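Structure record follows, encoded as structure tokens.
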Amino acid sequence: MFGLVFFILFTPGVSGFFCTSSDLEMSYTFCDSTAHDFMFNVTPCTMLNASIWHAALTWVPKSDIAFLKVVFTVWYDGAKALHWKETVCSGADDEYYVCEMLKGETITTTFDIKGKRTVFPKGDYSIIIEAFSDDSEKNMVMCLNYTMIVKQDSFST
């Protein structure tokens with residue numbers, strides 16, 4: 001049996017919708033200066049009555065992943081709402097399989113995002129996700145600019 005794998009090659013500044021519905025739109029662009037083999041998808045595409053989103057991610061990193069720090073910055077209607085940093089791979093006793101992946105290897109994973117932990121009011125969200133291969137945040141390996149437009153309040157239905 002033959003498997004079929006799809007890679008989506010995006011170039012900087014190219015926008016891709018990965019979710020659009022009557023109550024939610026989500027898209028992303030790359031904010032760094034290189035093209036990436038990258039694909040991301042979530043289902044269901046709704047904020048209403050969705051307690052869990054199922055996410056699928058495929059990425060071919062352009063460098064080895066011995067250390068990986070991820071920085072999340074969330075803006076809501078133009079105001080900074082969250083700034084969070086997480087070291088995903090430290091090089092010692094890492095729990096995630098992406099740690100120690102080599103340049104050019106394909107990372108394919110699925111995971112759940114628990115949407116009901118946070119109530120997202122109606123509005124425009126900009127989510128900047130930066131990934132670095134060092135603790136000083138100088139060697140960026142990926143940068144994504146997500147746009148999330150919540151078209152109606154989930155607590156008003």
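Keep in mind that this is a model prediction, so the values were computed, not measured.
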Task: From CA spacing to verdict: side chain to side chain contact (heavy atoms under 4.5 Å, CB included), Thr58, Phe40 - done: CA-CA 7 Å; Thr58 301; Phe40 183 72; over 6 Å; no
Tell me whether [Y] is reachable from [X] by hopping between hydrophobic residues (I, L, V, M, F, W, Y) whose side-chain heavy atoms are closer than 4.5 Å.
| X | Y | value |
| --- | --- | --- |
| Met101 | Phe67 | no |
| Leu102 | Ile107 | no |
| Phe38 | Ile65 | yes |

Looking at every heavy atom in both [X] and [Y], which two are closest together, and how far apart are they?
| X | Y | answer |
| --- | --- | --- |
| Trp59 | Pro61 | O-CD, 3.5 Å |
| Ser63 | Val141 | OG-CG1, 3.4 Å |
| Trp53 | Thr46 | NE1-O, 2.9 Å |

TODO: Could you label the plane-to-plane angle of the Phe30 and Tyr28 rings as parallel, tilted or perpendicular, counting under 30° as parallel and over 60° as perpendicular?
DONE: perpendicular
Task: Side chain to side chain, Leu57 and Met39, heavy atoms closer than 4.5 Å - done: no
Open item on the list: Less than 4.5 Å apart, side chain to side chain, heavy atoms only: is that true for Tyr125 and Val150?
Closed with: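 A side-chain contact exists here, since the closest heavy-atom pair is under 4.5 Å.
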Task: side chain to side chain contact (heavy atoms under 4.5 Å, CB included) between Tyr146 and Leu144, intermediate numbers included - done: CA-CA 6 Å; Tyr146 283 92; Leu144 294 164; 3.6 Å; yes
Task: Separation of Gln152 CD from Asp23 CG (nearest 0.5 Å) - done: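 If we round to the nearest 0.5 Å, Asp23:CG and Gln152:CD are 5.5 Å apart.
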Report, one line per pair, each donor and acceptor closer than 3.5 Å where one atom sits in a side chain of residues 68-82; sequence neighbours left out.
unit_1: Lys69; atom_1: NZ; unit_2: Asp135; atom_2: O; d: 3.1
unit_1: Lys69; atom_1: NZ; unit_2: Asp135; atom_2: OD1; d: 3.1
unit_1: Lys69; atom_1: NZ; unit_2: Glu137; atom_2: OE2; d: 3.0
unit_1: Thr73; atom_1: OG1; unit_2: His83; atom_2: ND1; d: 3.0
unit_1: Tyr76; atom_1: OH; unit_2: Lys122; atom_2: O; d: 2.8
unit_1: Asp77; atom_1: OD1; unit_2: Asp124; atom_2: N; d: 3.0

Open item on the list: Donor-acceptor check, side chain of Ser21 to backbone of Leu24, threshold 3.5 angstrom: yes or no?
Closed with: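 The answer is yes, because a donor-acceptor pair under 3.5 Å joins these two groups.
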Task: Whether Thr87 side chain and Cys89 backbone form a donor-acceptor pair below 3.5 Å - done: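 The answer is no, because no donor-acceptor pair under 3.5 Å joins these two groups.
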- [ ] May I ask you to check whether over 12 heavy atoms, not counting those of Lys103, lie within 6.0 Å of atom NZ?
- [x] no
All N/O donor-acceptor pairs, side-chain side in residues 126-134, below 3.5 Å, sequence neighbours left out:
unit_1: Ser126; atom_1: OG; unit_2: Asn145; atom_2: OD1; d: 3.3
unit_1: Ser133; atom_1: OG; unit_2: Asn139; atom_2: O; d: 3.3
unit_1: Asp134; atom_1: OD1; unit_2: Lys138; atom_2: N; d: 3.2
unit_1: Asp134; atom_1: OD1; unit_2: Asn139; atom_2: N; d: 3.0
unit_1: Asp134; atom_1: OD2; unit_2: Ser136; atom_2: OG; d: 2.4
unit_1: Asp134; atom_1: OD2; unit_2: Lys138; atom_2: N; d: 3.3

